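Accompanying notes for the structure given below.
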2 protein chains.
Amino acid sequence: MNIGEVARASGVSAKMIRYYESIGLIEAAKRKGSGAYRVYSDGDVHVLRFIRRSRDLGFTVAEIANLLRLWQDRRRASADVKSLVTAKIADLDTRIEELLSMKRTLEHLAMNCNGDHRPDCPILDDLSGKACCHGNGG
Amino acid sequence: MNIGEVARASGVSAKMIRYYESIGLIEAAKRKGSGAYRVYSDGDVHVLRFIRRSRDLGFTVAEIANLLRLWQDRRRASADVKSLVTAKIADLDTRIEELLSMKRTLEHLAMNCNGDHRPDCPILDDLSGKACCHGNGG
DNA sequence: GATAATCCTTCCAATGATTGGAAGGTCAAG
DNA sequence: CTTGACCTTCCAATCATTGGAAGGATTATC
């Protein structure tokens, strides 16, 4: 298969396939007779699908490299894989909590804003540092 | 104040202050006598704090530019500010949902993995596309 | 007034994953 | 041998931020 076909088959763009090759995430593809045109096999599709799925789950390229190594190591301990996954879960938790915190604040601000034609805006007051409604509750 | 002092006072790094100036988010600071060394006032600290807080709440630079414009426009409608905020909330919701979806999948995978010294690993099986436990329930 | 320490200046590069485009080479079909 | 679709490499941009280099300005001290 050419790179376009393998891209369609795997869901990884041709651009990204070349990029993954350039950074060593995947092996350099063999070339057709004259040396141009990368050639791929079904096995490569398999690898790229693995990468695609890992990426969709939020793993970085570096982490995917680890996952691939473990995947291809028949003597791996499943604990090693699991620890990567649990670390990633913790990672996601952190990011989710950050986003939730932002969201809560914004919802609080929006709730107190009339949202009409008048200029009075507690949102801007808050952003500018003015004490508003959530001081020390004193 | 020099840029270092205003950076400490506002919580925005000197690097970022220069960057914000370069992209036009803030006005170019006046320079000290000889033309070197940017000089800042308390008002600038105020602006930078506004930016800092907006950034912490997840607004992009482009969005902060809008917020600043509204902030400085005394005839703004609070509805305009509120719509920026509600759009950002929707934005956060989308990202949170994506992360939660990843997390759920990873937790599901981790739950089914023994995490011991043996190589059998449903996580890798799933990543590689093997049908595992969550097929069509047949 | 020399010197050292600290600050500032500009410019360039890297991050991480991805996309875009330009300029040109290759292949398959007609 | 042309056409068109595909491929190649290389360079640049994204977004916000950080890092460093090389050098100039200011301040404090002697």
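None of these values were measured; they are calculated from a predicted model. Letters A, B, ... are given to chains in the order of the sequence lines, protein chains preceding strands, and every chain is numbered from 1.
One atom, CZ of A:F59, and another, P of C:dT18, lie 15 Å apart when rounded to the nearest Å. In this structure, the CD atom of B:E5 is 7 Å from the P atom of C:dC8, given to the nearest Å. Rounded to whole angstrom, the span from the CD1 atom of B:I51 across to the C1' atom of D:dT17 amounts to 15 Å. C:dA17 atom P lies 14 Å from atom CG of A:D56, rounded to whole Å. C:dC7 atom P lies 16 Å from atom OH of B:Y40, rounded to whole Å. Rounded to whole angstrom, the span from the NZ atom of A:K32 across to the P atom of D:dT8 amounts to 9 Å. Between B:R8 atom CZ and C:dT6 atom C1' there is a gap of 11 Å when expressed in whole angstrom units. If you measure from atom CZ of A:R38 to atom C1' of C:dC27, you get 16 Å, rounded to the nearest angstrom.
For the helix from C:dG1-D:dC30 to C:dG30-D:dC1, the end axes, each set by the C1' atoms of five terminal pairs, are bent relative to each other by 30° (nearest 10°).
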Next on the checklist: What verdict does the side-chain contact (heavy atoms from CB on, under 4.5 Å) test give for A:L124 and B:R76, after you've listed the backbone C-alpha separation in whole Å, the side-chain angles of each residue and the deciding distance to 0.1 Å?
Outcome noted: CA-CA 11 Å; A:L124 293 177; B:R76 80 218 157 209; 3.5 Å; yes
Item to check | side-chain contact (heavy atoms from CB on, under 4.5 Å) evaluation trace for B:L84 with B:L70 | outcome: CA-CA 11 Å; B:L84 286 180; B:L70 290 170; 3.8 Å; yes
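Taking side-chain N and O atoms only, B:S13 has a distance below 4.0 Å to OP1 or OP2 of D:dT18. For B:R31, a side-chain nitrogen or oxygen approaches OP1 or OP2 of C:dT10 to under 4.0 Å. A:Y19 has no side-chain polar atom (N or O) that falls below the 4.0 Å cut-off from OP1 or OP2 of C:dG16. The phosphate of C:dT9 (OP1 or OP2) has a side-chain N or O of B:R18 nearer than 4.0 angstrom. OP1 and OP2 of C:dA17 both lie 4.0 Å or more from every side-chain N or O belonging to A:Y20. Using a 4.0 Å cut-off, no side-chain N or O of B:R55 falls inside it from OP1 or OP2 of D:dC15.
Between the side chain of A:E107 and the main chain of A:R104, no donor-acceptor pair closer than 3.5 Å is present. Side-chain atoms of A:S78 come within 3.5 Å of backbone N or O of B:D116 as a donor-acceptor pair.
Partner B:L99 forms a side chain to side chain contact (heavy atoms under 4.5 Å, CB included) with one of A:L100, A:L99, A:D93 and no other, that one being A:L99.
Nearest nucleotide to the side chain of B:Y37, out of D:dT8, C:dT26, D:dT26: D:dT26. If you check C:dG21, C:dT18, D:dT8 against the side chain of A:K15, the one that comes closest is C:dG21. Of the candidate nucleotides C:dA17, D:dA16, D:dT8, C:dA17 has the atom lying nearest to any side-chain atom of A:V61. With distances taken from any side-chain atom of B:I3 to the nucleotides C:dA17, C:dT9, D:dT27, the minimum falls on C:dT9. Closest contact between the side chain of B:N2 and the listed nucleotides C:dC8, D:dT17, C:dT9 involves C:dC8.
Summarising the geometry, atom CG belonging to A:L57 is positioned 8.0 Å from atom OG belonging to B:S101; distances are rounded to the nearest 0.5 Å.
Using cut-offs of 30° and 60° on the angle between ring planes, the pair B:H46 and B:W71 is tilted.
Here A:K88 pairs with A:D91 in a salt bridge; the nearest charged N to carboxylate O distance falls below 4.0 Å.
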